[in-house]
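Counting begins at 1 with the first residue of the sequence. First listed ligand is number 1; within each ligand, the first listed atom is number 1.
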Amino acid sequence: MPTSNLYDTQSLRERDAAHHWHPFTDTKELGANSRVIVGGEGVWIEDSEGNRILDGMAGLWCTQVGHGRREIADAVYAQMTKLAYYNTFFKTTHPPVLELAEKVASLAPPHMNRVFFTGSGSESNDTVIRMVRRYWDLKGKPHKKTIIARRNGYHGSTVGGASLGGMTPMHGQGDLPIPGIVHIAQPYWFGEGGDLSPAEFGLKAARALEAAIDAFGADRIAAFIAEPVQGAGGVIIPPETYWPEIARICRERDILLVVDEVICGFGRLGEWFGSVHFGVEPDLMPIAKGLSSGYLPIGGVVVSDRVADVVIGEGGEFYHGYTYSGHPAACAAALANLAIIEREKLVDRVRDDIGPYLQARWRALGEHPLVGEARMIGLMGALELVPEKTGRAVRFNAPLGDVGALCRDFAFANGLVMRGVRDSMIISPPLVISHDEADELVARARLTLDATHAELKRRGLVAE
Ligand SMILES: *Cc1c(COP(=O)(O)O)cnc(C)c1O
């Protein structure tokens, strides 16, 4: 129950509705109905009505260390009072950016020793497109330029990022993708696996890459880009057979492998990087989100020696950079964030302790009548909602996404942020979540499923 209300919620909502154009929102339909979030502490956020809500999404997959960590704010304050801004173009540097590059290189696999900084994951992926094409030009292969990506992948919302992504609704707005990008199948066994076993399907999905490369000719394909586990696409965990096969295909055909670590990087899967979990060696790793736990915007591309030796070693000036590449305050936030992750051993904690703990309880939700599959890896999970438990292919007799949206609204009413993707529900909580809070998360998710199930019964969308 709300105890105090220092905010005039309705007035804030109306002012928001008057001038704020919301990202990924039907702003007109939203009207003056925004949820106003005013505070955060640990895994909890607080709205303007005084409700405490368990942030099952860590903001947008980013708040690894939880909300309200004073030492990050202090580090940013200290940096800003010393040097709030200077650029890193034209032969200059500053202590936080060089320290952060050194730190990220030390955490990255041994063959990756360079970091190019950006302001976001999208900018990192735009950088990837330019680096990859520059690399092949310098290798004397100017026709090796097409990048293969995946349907239902997510790589950001700039023109380059959205083109690499495989989100059809995004492509439909703004004539995307740009030329030179092609999309292949995703390793989504629950949705698309048919009668194959997960292992068979993983190989099949990986071999779509081989088929695409051979159809175009390896001399025209520059790179393959994929998330270790698709996040925005619905926490799609590839079968075990998928990644080793992808790595083999890229190696044999001399295609650069870009592993988008924007979500999986910095502990989400119980390793510093998702590619380490899956045992593959990327040529490039875009990063963002967990790098600073979202405290300030910062991203980057971690670059292998193979690519750096050519693009830096032989390429002369690379005509690329952002005003905020290596922003001093953002670097200070990232350094303080990484210090917390290391000191509190959050990466090991996800692998050995809270990961297995929450996974066991989350998977038990698979017994709920509304859940066709409950899957989780590290600290990212999904529930596939189904009208009956007879098979994977059964869908609700309602527009795709309606049930997911209904369930998401029930979750919020139950004090839990879960995101709806199509008709599945996903979570990705802060890595600091305690055992008690994990129990609370699962309890609230179960209540939410019960409420959704009751409402669907009322509407005749599930069996009695
Ligand atoms: C969020 C995300 C991006 C885009 O990052 P922004 O900071 O929103 O630009 C890119 N790749 C993946 C895998 C993401 O989840």
Side-chain angles (χ1 to χ4, degrees), residues 22-25 57-64 115-132 147 149-167 170-171 174 176-177 181 183 186-188 223-238 243 257-269 273-275 277-278 280 282 284-302 322-327 330-331 333-334 337 377-382 419 421 426-430:
H22 289 243
F24 283 106
T25 299
M57 284 304 298
L60 274 178
W61 320 87
C62 45
T63 333
Q64 318 296 70
V115 189
F116 188 103
F117 287 107
T118 70
S120 67
S122 301
E123 288 178 14
S124 301
N125 282 316
D126 279 38
T127 299
V128 159
I129 295 174
R130 299 202 52 197
M131 270 184 189
V132 153
I147 301 175
R150 302 184 301 187
R151 292 197 280 277
N152 199 38
Y154 188 79
H155 300 292
S157 195
T158 51
V159 168
S163 293
L164 290 172
M167 299 296 180
M170 291 176 76
H171 290 171
L176 303 177
I181 294 173
H183 296 88
Q186 56 175 333
Y188 180 25
F224 172 65
I225 183 168
E227 304 154 79
V229 173
Q230 284 153 270
V235 183
I236 292 167
I237 306 169
W243 272 110
L257 175 58
V258 185
V259 181
D260 184 340
E261 296 276 4
V262 170
I263 286 178
C264 295
F266 305 101
R268 176 73 38 209
L269 302 189
F273 296 96
S275 47
H277 174 90
F278 288 109
V280 297
L284 297 166
M285 296 195 301
I287 55 173
K289 295 190 172 128
L291 171 60
S292 66
S293 277
Y295 277 65
L296 281 178
I298 182 167
V301 181
V302 188
Y322 304 104
T323 301
Y324 302 131
S325 286
H327 189 290
C331 289
N337 170 61
I377 182 171
L379 280 186
M380 57 198 295
R419 182 159 149 189
V421 176
I426 60 180
I427 58 155
S428 173

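Of the listed residues (Val258, Val302, Val128, Leu257), just one forms a side-chain contact (heavy atoms from CB on, under 4.5 Å) with Met285, and that residue is Val302.
Heavy-atom contacts of Ile263 reach the following atoms of ligand 1: 15 (O) (cutoff under 4.0 Å). Near His155, meaning under 4.0 Å from one of its heavy atoms, ligand 1 places the atoms 10 (C), 11 (N). Below 4.0 Å from some heavy atom of Asp260 lie the following atoms of ligand 1, by number and element: 10 (C), 11 (N), 12 (C), 13 (C). Taking every heavy atom of Asn125 and a limit of under 4.0 angstrom, the matching atoms of ligand 1 come to 10 (C), 11 (N). The Ser120 neighbourhood of ligand 1 comprises atoms 7 (O), 9 (O), with distances under 4.0 Å to a heavy atom of that residue. Shown in contact with Tyr154 at under 4.0 Å from a heavy atom are these atoms of ligand 1, numbered in order with element: 1 (C), 2 (C), 3 (C), 11 (N), 12 (C), 13 (C), 14 (C). Listed by number with element, the atoms of ligand 1 under 4.0 Å from a non-hydrogen atom of Glu227 are 13 (C). In summary, the atoms of ligand 1 found under 4.0 Å from a heavy atom of Ser122, numbered by their order in the structure, are 4 (C), 5 (O), 6 (P), 9 (O).
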Report the C-alpha separation of Ser428 and Arg419 in whole Å, then their side-chain angles, then the decisive distance to 0.1 Å, and conclude whether the side chain to side chain contact (heavy atoms under 4.5 Å, CB included) test is met. CA-CA 9 Å; Ser428 173; Arg419 182 159 149 189; over 6 Å; no
Between Ile426 and Met57, does a side chain to side chain contact (heavy atoms under 4.5 Å, CB included) hold up when you go through it step by step? CA-CA 8 Å; Ile426 60 180; Met57 284 304 298; 4.2 Å; yes
Take Ile263 and Arg268 through the test side chain to side chain contact (heavy atoms under 4.5 Å, CB included) and record every step on the way to the result. CA-CA 7 Å; Ile263 286 178; Arg268 176 73 38 209; 4.3 Å; yes
List the steps and the verdict of side chain to side chain contact (heavy atoms under 4.5 Å, CB included) for Met380 and Ile237. CA-CA 9 Å; Met380 57 198 295; Ile237 306 169; over 6 Å; no
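The shortest N or O to N or O distance between Gly121 and ligand 1 is below 3.5 Å.
Under a 4.0 angstrom heavy-atom cut-off, Trp61 registers as lying outside contact with ligand 1. Contact between Lys289 and ligand 1 is present, with at least one heavy atom of the residue lying under 4.0 Å from the ligand.
For the atom pair CD1 of Ile181 and OG of Ser163, the computed distance is 4.5 Å after rounding to the nearest 0.5 Å.
Between Phe116 and Tyr322, the ring planes are perpendicular. Angles over 60° get that label, and only those under 30° would be called parallel.
For the pair Pro297/His327, no side-chain contact is recorded, criterion being any heavy-atom separation below 4.5 Å from C-beta on.
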